[in-house]
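Reviewing the structure listed below.
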2 protein chains.
Amino acid sequence: MARRPRTRPTLEEVAALAGVGRGTASRVINGGAKVSDRARQAVEDAIAELGYVPNAAARALVTRRTDAVALVIAESEERVFGEPFFAGVVRGIGAALASADRQLVLILADARRRGSLEHYLTRQHVDGVLLLSLHGDDTLPDRIRGHGLPVVVGGRPNAGVKTGFIDVDNVQGAGLAVAHLADRGRTRIATIAGPSDMVAGSSRFEGYVEALTAADRPFDERLVVRGDFSLESGARGMRTLLQRDPAVDAVFCANDLMAVGALQTLRDAGRRVPEDVAVVGFEDAPVSRSTVPPLTTVHQSPGAMGREMVALLLDTMATGDMLLPGRMLPTRLVVRQSS
Amino acid sequence: MARRPRTRPTLEEVAALAGVGRGTASRVINGGAKVSDRARQAVEDAIAELGYVPNAAARALVTRRTDAVALVIAESEERVFGEPFFAGVVRGIGAALASADRQLVLILADARRRGSLEHYLTRQHVDGVLLLSLHGDDTLPDRIRGHGLPVVVGGRPNAGVKTGFIDVDNVQGAGLAVAHLADRGRTRIATIAGPSDMVAGSSRFEGYVEALTAADRPFDERLVVRGDFSLESGARGMRTLLQRDPAVDAVFCANDLMAVGALQTLRDAGRRVPEDVAVVGFEDAPVSRSTVPPLTTVHQSPGAMGREMVALLLDTMATGDMLLPGRMLPTRLVVRQSS
DNA sequence: AGTAGCCGTGGGAACGCTCCCACTCCCGGG
DNA sequence: CCCGGGAGTGGGAGCGTTCCCACGGCTACT
């Protein structure tokens with residue numbers, strides 16, 4: 001294997017080989033405007049021959065852009081890494097950034113480093129920030145924006161926020177699920193809701209209520225229990241529901257894991273699914289395919305969420321408008337055998 | 001809120017404010033050698049007052065170092081993102097890199113981009129490469145090294161590789177599990193092994209065989225079945241084992257998920273765990289805490305793996321020796337109620 | 001026939017840093 | 001009393017780009 005020359009070729013060398021000036025070579029590589037075909041061809045040949053790649057540091061120095069985007073995951077959310085949904089989001093982000101020729105700088109911000117994180121972000125290295133967050137009480141996005149750095153948040157921090165976020169349309173998704181249950185002729189449609197202090201919890205509940213009304217079903221408080229998105233809380237919630245109203249014939253669970261718990265309780269109670277009780281989840285997690293029976297659930301596309309986050313960030317960077325409206329991503333119902 | 005000055009302060013401004021030369025200011029920020037206390041203090045005050053942060057691009061341009069490290073996850077492994085173990089590894093890497101003041105550039109390399117990945121890595125942006133891989137048939141690490149870039153692989157590609165990797169000591173871990181079962185007086189110790197073409201599969205099986213011999217237990221081929229690390233394959237494997245030898249009184253599963261499957265089969269077959277059959281897993285996945293009964297398993301520390309990967313990479317970068325020996329990380333047995 | 005304007009071009013300047021050389025002190029030894 | 005040398009310092013050069021200005025040649029007007 002031939003030893004490559006120790007130093008990387010520079011633009012100057014490319015220009016020399018192509019027999020043009022540095023400026024022309026630069027123009028070929030970038031804008032491309034106002035270059036004769038002959039010169040362009042010569043430069044492109046030289047680039048290929050030398051295996052030239054622009055030096056990112058030199059470019060960043062003069063343009064004051066790094067072509068890098070930070071993905072910040074706060075420590076409290078680090079566990080999301082282990083969740084398939086967020087893994088999918090990260091993948092979507094990675095793919096979208098790669099297509100846009102941007103680098104993804106991953107920052108796992110622990111609490112200690114919180115101060116220097118801001119310092120780092122605002123004064124260095126990246127052109128924009130992607131934030132993955134579940135909690136609502138965070139002023140970090142606005143603080144970063146205050147320093148002139150574009151920010152897009154994945155998962156709307158709270159319902160009051162109208163700009164700079166991408167989230168799944170939880171209200172619409174929950175509506176889909178409930179409308180489906182009503183369509184199936186179910187009359188006593190219960191819900192195992194999520195925590196009301198999380199957007200995913202409150203919005204899905206909101207969608208449940210709306211769709212119930214739209215379908216002319218009465219809203220009955222006794223058919224509402226709250227879980228914490230865990231399997232156990234789903235099982236417990238289902239027991240409560242059966243106790244309160246043995247005639248319940250459908251239940252919409254705010255996520256799949258709670259639906260799995262509900263399924264267990266129903267089996268233990270000798271109820272057939274879907275004959276006696278129909279069950280619908282939310283998330284379309286991998287587990288929903290392997291439950292018994294396979295779970296009908298609201299599908300949300302993590303990849304799309306990642307891609308949309310990047311798209312919105314690039315838009316923000318391009319327009320300079322820090323307050324671009326956020327987007328809600330549509331969901332769709334995946335009907336399996338539990339309903 | 002006062003508007004920050006449009007341009008970031010430069011080293012020159014810091015030096016001017018401190019009343020010293022650019023060289024002295026630079027010396028304070030970096031090496032620190034040969035600077036009088038008076039000058040150092042003045043520069044540090046000026047830095048604090050101006051909120052100065054060195055421009056990374058300018059620094060990279062002259063030092064030819066970026067202080068960034070790439071973490072490459074090949075598409076075929078992208079799913080690992082959703083697995084708690086790998087999420088932990090990434091976390092460990094992130095933490096270790098942050099302490100070393102290095103940036104983590106995440107590259108999700110899909111197959112299409114495979115060529116340009118190498119191009120990108122070798123000619124740009126990063127000082128070293130971390131590779132997360134499960135498959136053995138990959139020449140990528142060596143190709144990258146051929147370009148003079150340090151590489152550390154997480155998860156040994158295959159048993160022949162002696163350098164530049166960090167892995168869990170699978171043989172030792174499996175030995176721990178089997179020795180424990182032998183200690184408990186079990187005589188017919190079976191195993192549900194993993195795929196033989198994966199290091200985790202073959203090494204854990206190797207450890208099983210070794211420990212069996214060390215404990216004076218006969219190796220019986222009928223007590224060996226192979227799974228694919230999935231829950232279903234564990235359940236199936238256990239059925240096969242019970243069929244072949246109803247007197248089996250212990251089973252070592254090459255991962256926790258298969259152990260969960262085995263547990264299900266045993267319950268369905270009316271065997272008590274651990275009274276009739278003891279079960280041990282590998283991984284200490286979150287699920288192992290919530291099985292019935294809670295699973296005894298081999299604990300491997302993902303955080304340690306990430307940190308060790310970074311440590312080895314930094315060592316490689318510092319010494320310039322591309323062929324530093326790899327390391328096997330010790331495991332320990334977590335005894336719960338299934339054995 | 002002269003000139004205004006455009007296209008395509010070359011190269012100086014600047015980006016902000018580190019490296020390194022040269023310079024000034026000042027101390028101690030011959 | 002002179003001189004060698006170390007400690008501390010200032011600032012020039014250079015890293016590889018992009019930006020921008022000035023320039024030459026050509027076309028198409030007046």
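Within every chain, numbering begins at 1; the chains are lettered A, B, ... in the order of the sequence lines, protein sequences first and strands thereafter. The analysis underlying the following values was restricted to heavy atoms, covering all of them including side chains, and did not include hydrogens, waters or symmetry mates.
Rounded to whole Å, atom P of C/dC7 lies 15 Å from atom CG of A/Asp37. Protein atom CG of A/Asn55 is 16 Å distant from nucleotide atom P of C/dG16, rounded to whole Å. B/Arg8 has its CZ atom 10 Å from the C1' atom of C/dG16, to the nearest Å. If you measure from atom CG of A/Leu11 to atom P of C/dG10, you get 12 Å, rounded to the nearest angstrom.
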Working note: B/Gln41 + B/Asp45, criterion side chain to side chain donor-acceptor pair (under 3.5 Å); need CA distance, chi angles, decisive distance, verdict.
CA-CA 6 Å; B/Gln41 194 56 53; B/Asp45 289 350; 3.1 Å; yes
Open item on the list: Does B/Val129 form a side-chain contact (heavy atoms from CB on, under 4.5 Å) with B/Leu131? I'd like the steps, not just the answer.
Closed with: CA-CA 6 Å; B/Val129 179; B/Leu131 220 52; 4.2 Å; yes
Inset, instruction - Check the pair A/Asp67 / A/Asp127 against side-chain contact (heavy atoms from CB on, under 4.5 Å), numbers first and verdict last. - result: CA-CA 6 Å; A/Asp67 283 335; A/Asp127 301 333; 4.1 Å; yes
Discussion item. Under the criterion side chain to side chain donor-acceptor pair (under 3.5 Å), I'd like the reasoning laid out for A/Arg59 against A/Thr63: C-alpha separation, chi angles, the key distance, then a yes or no.
Written reply: CA-CA 6 Å; A/Arg59 180 178 283 180; A/Thr63 60; over 6 Å; no
**Request:** Check the pair A/Val14, A/Thr10 against side-chain contact (heavy atoms from CB on, under 4.5 Å), reporting the backbone distance first and the verdict last.
**Result:** CA-CA 6 Å; A/Val14 170; A/Thr10 73; over 6 Å; no
Test log, rule side-chain contact (heavy atoms from CB on, under 4.5 Å), inputs A/Val105 and B/Leu106 | CA-CA 6 Å; A/Val105 176; B/Leu106 187 65; over 6 Å; no
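Within the structure, every side-chain polar atom (N or O) of A/Lys34 is placed at least 4.0 Å from both OP1 and OP2 of C/dG8.
Map B/Arg40 and B/Arg64 each onto its nearest nucleotide of DNA chain D; the residue landing nearer the 5' end is B/Arg40.
Within the 4.5 Å cutoff, the side chain of B/Met322 has heavy atoms near those of the B/Pro150 side chain.
Along DNA chain D, read 5' to 3', the first and last nucleotides having any atom under 4.0 Å from a heavy atom of chain B are D/dA7 to D/dG16.
Across all strands shown, A/Ala39 has heavy atoms under 4.0 Å from sugar-phosphate atoms exclusively, and none from any base. Within the nucleic acid shown, A/Ala15 has no heavy atom closer than 4.0 Å to any nucleic acid atom.
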Whether each nucleotide of nucleotides 19-25 of chain C has a protein heavy atom under 4.0 Å at its base (B), only at its sugar-phosphate (S) or at neither (-) is summarised, 5' to 3', as -B-----
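Each of B/Leu97, B/Val153, B/Val152, B/Asp167 was scored for a side chain to side chain contact (heavy atoms under 4.5 Å, CB included) with B/Met309, with one residue passing: B/Val152.
In this structure, A/Val126 and A/Val69 approach most closely via the heavy-atom pair CG1-C, 4.1 Å.
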